[in-house]
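Reading through the structure tokens given below for one structure.
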Amino acid sequence: MYKDGKMYDWPYPVNYEAETEVETDVLILGGGIAGCWAAISAAKGGSKVAIVEKAATITSGAGGSGCDHWINTPNPVSKVTAEDCVDWESQNANGYLNNISRYIAAKESYDTLLEMEQMGGKIRDTNDEFAGADFRDEKTKFLFAYDYENKFHFRIWGKNFKSALYKECKKLGVKIYDRTMATSLLTDGGKQGTKVIGATGLNSRTGELFIFKAKATVMSMSRHSRNWAFSSELTGLGQFRPNIVGTGYAMAFRAGAQFTQMERSMPGNLSFGTSYPSYGTGNAMNTWFPCTIVDANGKQIPWTDRDGKELTDFDQRTHPVKGQKLFGERGMAYDYRRPDITPDMQKRVKNGEFALPLYADMTGMPQMERRAIWGLMVGNEGRTPTPIFRTYNEAGFDPDKDMLQSYLMLGGDWLRGATLPHVRIGGEGPGDSGGLVVDWNLKTTLDSLYAAGDSLFAANYHHHAAATGRYAGRKAAAHANQTEQTKPARKQIDNEKARVYAPIERKNGIEWKELNAGLARVMQNYCGNYKNDELLNIGLKWTSDIEKNVASTACASNPHTLMRTLGVLDILTCNQMILHTSLARKASSTYLGFNRLDYPEIDPPAYHKWITIHQEGKRVKTGELSLDFYGDMESNYEAHK
Amino acid sequence: MSEEKIYATPNQPTPARPVIFNAELCTGCNCCVEVCMTDIFIPNPDKGKPPIIIYPEECWYGGVCVEHCPVDGAITLNHPLMQRAHFKRKDSSEHFWV
């Protein structure tokens, strides 16, 4: 990091405060999976499109480095319907499901996948590598995961999907602004709660400001993160990357958009180095489903069905039990529960029935299954092709001979390793945290602002990001065709410039890492596993106190650290959203991971609803939304699609 | 003892070496600088030399720098010591680590 004892010069020309104006029909904020799909469908709809991306669009986003599953996709090989897909997810979520986006995804996921194939994505076993496998459809050469009978979770070669999307964007003339962090939404007259007419962006290399003017905008940035968990040195070692902060949430909140489910949380990955690389340890879930797990003496840990009955044959792991319609890829709802490693495994280890350590043992599995996990899946999932598949192969790991150790006995779950109850995350995996409230056009509560992917509340995996992005892009393009550009208010731009560049002007203030860690500590202390009104009010007080007295001193030394600093200020805003929503929910809930000491009743019917939040001026308003606000799915979808 | 000059340098953040460049193979094309999701590199001021890892602790270990690198072997992803998994050879019961 140092050359001859001196710091390196910043290698890019710096032009703080310089302005570049860009005019486009449809503006895409966040160039991940959802954003690229939105851009492609808007461009195909005849719109001039621009993407604003904090990282590099060719690789960026939660699915940027790969993807192995395309789940929940009704298709010609399967009898599963879109209604089935939403139903099993809804049961898992105890009704807290974004049925609008999930239904849209289920309806359009297959067409989206076929479009991916046209762009060069590999979705079929064209080399007949898995010919004859139970999970293959011989006619279409599609491969499936989990439930082999119902064949609605695809296995795909997603390693190159993102570069294919990038190329398609380029081909369609989409203007891409990489290394540019969107910082605020521009609104009609500069007023909160009015039509969204564009956004501002900060280039994290040159420091210059972009002013994007657009007829329609798609919010496809990440969900919130690092609210409870942060490590100043091991920033990138967690399950999610340093770029995921919730800037999209903070800017939409400031603009007056409505959010819901922000109070949901669960024990999260500590990101302090206690975890292991994703899918790089012995496990039996997701990418590694349905792997055999053995103990130190080679004794198999039993797999069980939904009733806890031990399975005797390998094939039973991938087929519903008699009388079961289908099983989902995760979750515990009885109707759709999938086979799993016996739930009392940890107890039986403690009782001495199984000896530690445990291992994933593919050696005795059917050859096709072994090659599906170690090759197809681990070779294509995000953060696995190089980090796991290549690295482990080079270290001599051979799935035909070797068993990969599991670290489950450290506590936590297969993926996250050890967890602490008060160090939390807002949702599981890539989505299903809180997010923007949308209607059947995937339009937010602000005019001309659409949402897709993880920006949606209760979002889902890659297929959902892709399908909702494609849908939102289509809707945004249609809207752009019927509307005119609106000139941004100079005052709004000037106010944003003052906010964005303030950290550069300051000296000797707090830096972003210490600020993030301090904010996270407040959330751990006052919005942790157990909550009450007093704790939450104190949490709000300390967060506001930090905002006023500490965040106001935040300083940055170059455009990159400025980007990180602004991200932490957005985390602060997200924390306030979480605290306010938590205060408004006067009940406990299992699914929401929400324990109120002062309202201990679990899921009382009166609170079986969402809490919404938005801002009017500086005032925070919470409200309610019925869990069935989506109405009749089929007729609504047909009327809006 | 080395005659190299000693400087008053701060500690490096941990982990400090998320990727390792092979200076003999790396052409200094800066492809990795452009594809890195978290922008941890800057181009080397000495043209043709491997990029500088300026923000190592922000590495997300996604491996896209390796995948997009035009020269096989010029970049190696280097998981930090505490993140290296272990495996056991079934027949011989030998233990290995990655």
Side-chain angles (χ1 to χ4, degrees), chain A residues 1-6 8-12 55-56 58-61 64-65 159 163 178-179 204-205 232-237 240-243 273-277 280-282 298 357 359 361 363 382-387 390-392 395-398 401-405 407 560 563-564, chain B residues 5-16 18 30 33-46 51-68 75-98:
Chain A
M1 289 169 69
Y2 300 92
K3 182 181 167 62
D4 299 335
K6 291 180 188 155
Y8 285 96
D9 289 341
W10 187 247
Y12 311 106
I58 192 168
T59 55
S60 64
S65 62
K159 187 170 95 166
S163 34
D178 278 343
R179 308 293 177 193
S204 65
R205 289 180 170 179
S232 61
E233 297 206 357
L234 308 177
T235 313
L237 268 185
F240 302 106
R241 78 201 66 186
N243 286 358
T274 56
S275 62
Y276 280 87
T281 60
Y359 297 91
D361 182 5
T363 62
R383 296 178 86 191
T384 61
T386 291
R390 178 173 174 156
T391 306
Y392 287 35
F397 177 77
D398 180 347
K401 297 177 185 163
D402 297 323
M403 306 182 298
L404 189 60
Q405 194 180 322
Y407 303 88
H560 181 91
M563 165 187 70
R564 294 279 175 244
Chain B
K5 192 169 173 192
I6 294 172
Y7 296 97
T9 49
N11 287 322
Q12 293 210 2
T14 309
N30 293 320
V33 179
E34 294 313 315
V35 301
C36 175
M37 297 188 209
T38 45
D39 218 4
I40 72 166
F41 308 109
I42 56 172
N44 197 315
D46 294 335
I52 311 299
I53 308 166
I54 203 80
Y55 297 114
E57 80 284 21
E58 291 182 25
C59 178
W60 189 59
Y61 299 84
V64 296
C65 52
V66 177
E67 274 149 45
H68 286 259
I75 313 178
T76 307
L77 189 77
N78 185 45
H79 282 128
L81 189 56
M82 74 288 197
Q83 278 219 319
R84 298 203 194 149
H86 305 83
F87 59 92
K88 184 180 174 184
R89 188 137 299 167
K90 201 169 183 182
D91 289 349
S92 63
S93 290
E94 280 177 283
H95 289 272
F96 302 90
W97 64 322
V98 175

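Numbered from 1 within each chain, the chains take letters A, B, ... in sequence-line order.
Side chains of B/D39 and A/R205 form a contact here, defined as non-hydrogen atoms less than 4.5 Å apart. Looking only at side-chain heavy atoms (C-beta outward), B/H86 and A/Y407 come within less than 4.5 Å of each other. Annotation: side chain of B/I54 is not in contact with side chain of A/H560 (no heavy-atom distance under 4.5 Å). B/K88 places none of its side-chain heavy atoms less than 4.5 Å from the side chain of A/P357. The shortest distance between side-chain heavy atoms of B/P43 and A/Y12 falls below 4.5 Å. Side chains of A/S65 and B/W60 form a contact here, defined as non-hydrogen atoms less than 4.5 Å apart. Contact check for A/L234 versus B/M82: side-chain heavy atoms found under the 4.5 Å cut-off.
Most heavy-atom pairs under 4.5 Å with chain B: of the set A/N243, A/D178, A/D402, A/L404, this distinction falls to A/D402. For the set B/I6, B/V66, B/T9, the entry with the most heavy-atom pairs within less than 4.5 Å of chain A is B/V66. Between chain A and the options B/C59, B/A8, B/P18, the largest number of non-hydrogen pairs under 4.5 Å is found for B/C59. Your options are A/P387, A/G396, A/S163, A/S60, and the one with the most heavy-atom pairs under 4.5 Å with chain B is A/P387.
Counting all heavy atoms, side chain and backbone alike, B/F87 lies closest to A/A395 at CZ-O, 3.7 Å. In this structure, B/E67 and A/P385 approach most closely via the heavy-atom pair OE2-CB, 3.5 Å. Here the closest non-hydrogen pair linking A/E233 and B/P15 is O-CD, 4.2 Å.
Contacts of A/T59 with chain B are made by both backbone and side-chain atoms, with heavy-atom separations under 4.5 Å. Looking at B/D46, the atoms closer than 4.5 Å to chain A (heavy atoms on both sides) all sit in the side chain, from C-beta outward. Looking at A/P277, the atoms closer than 4.5 Å to chain B (heavy atoms on both sides) sit in the backbone and in the side chain alike. Only the side chain of A/D361 comes within less than 4.5 Å of a heavy atom of chain B; its backbone N, CA, C and O stay farther away. If you measure heavy-atom distances from B/V64 to chain A, the contacts under 4.5 Å come from the side chain alone. Contacts of A/T384 with chain B are absent, with no heavy-atom separation under 4.5 Å from either backbone or side chain. Interface residue A/F397: backbone and side-chain heavy atoms are both found under 4.5 Å from chain B. With a 4.5 Å cut-off on non-hydrogen atoms, B/P80 touches chain A through its side chain but not through its backbone.
Formation of a donor-acceptor pair under 3.5 Å by the A/R179 side chain with backbone atoms of B/E34 is found in this model.
Around atom CG of A/D9, no more than 12 heavy atoms belonging to other residues, nucleotides or ligands sit under 6.0 Å away. For B/K90, the NZ atom sits in a packed shell: over 12 heavy atoms of surrounding residues, nucleotides or ligands are nearer than 6.0 Å.
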Requested in this report: Step by step, work out the salt bridge (charged side-chain N to carboxylate O under 4.0 Å, His left out) result for A/R564 and B/E58.
Outcome: CA-CA 10 Å; A/R564 294 279 175 244; B/E58 291 182 25; 2.7 Å; yes
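Between B/Y61 and the choices A/T386, A/L237, A/T391, the side-chain contact (heavy atoms from CB on, under 4.5 Å) rule is met once, by A/L237.
For B/P51, the side-chain contact (heavy atoms from CB on, under 4.5 Å) partners at least two apart in sequence or on another chain are B/F21, B/C26, B/N30, B/C32, B/V33, B/F41.
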Acceptor/donor pairs from residues 91-98 of chain B side chains to any protein atom, 3.5 angstrom cut, sequence neighbours excluded:
residue	atom	partner	partner atom	Å
B/S92	OG	B/E94	N	3.3
B/S92	OG	B/E94	OE1	3.0

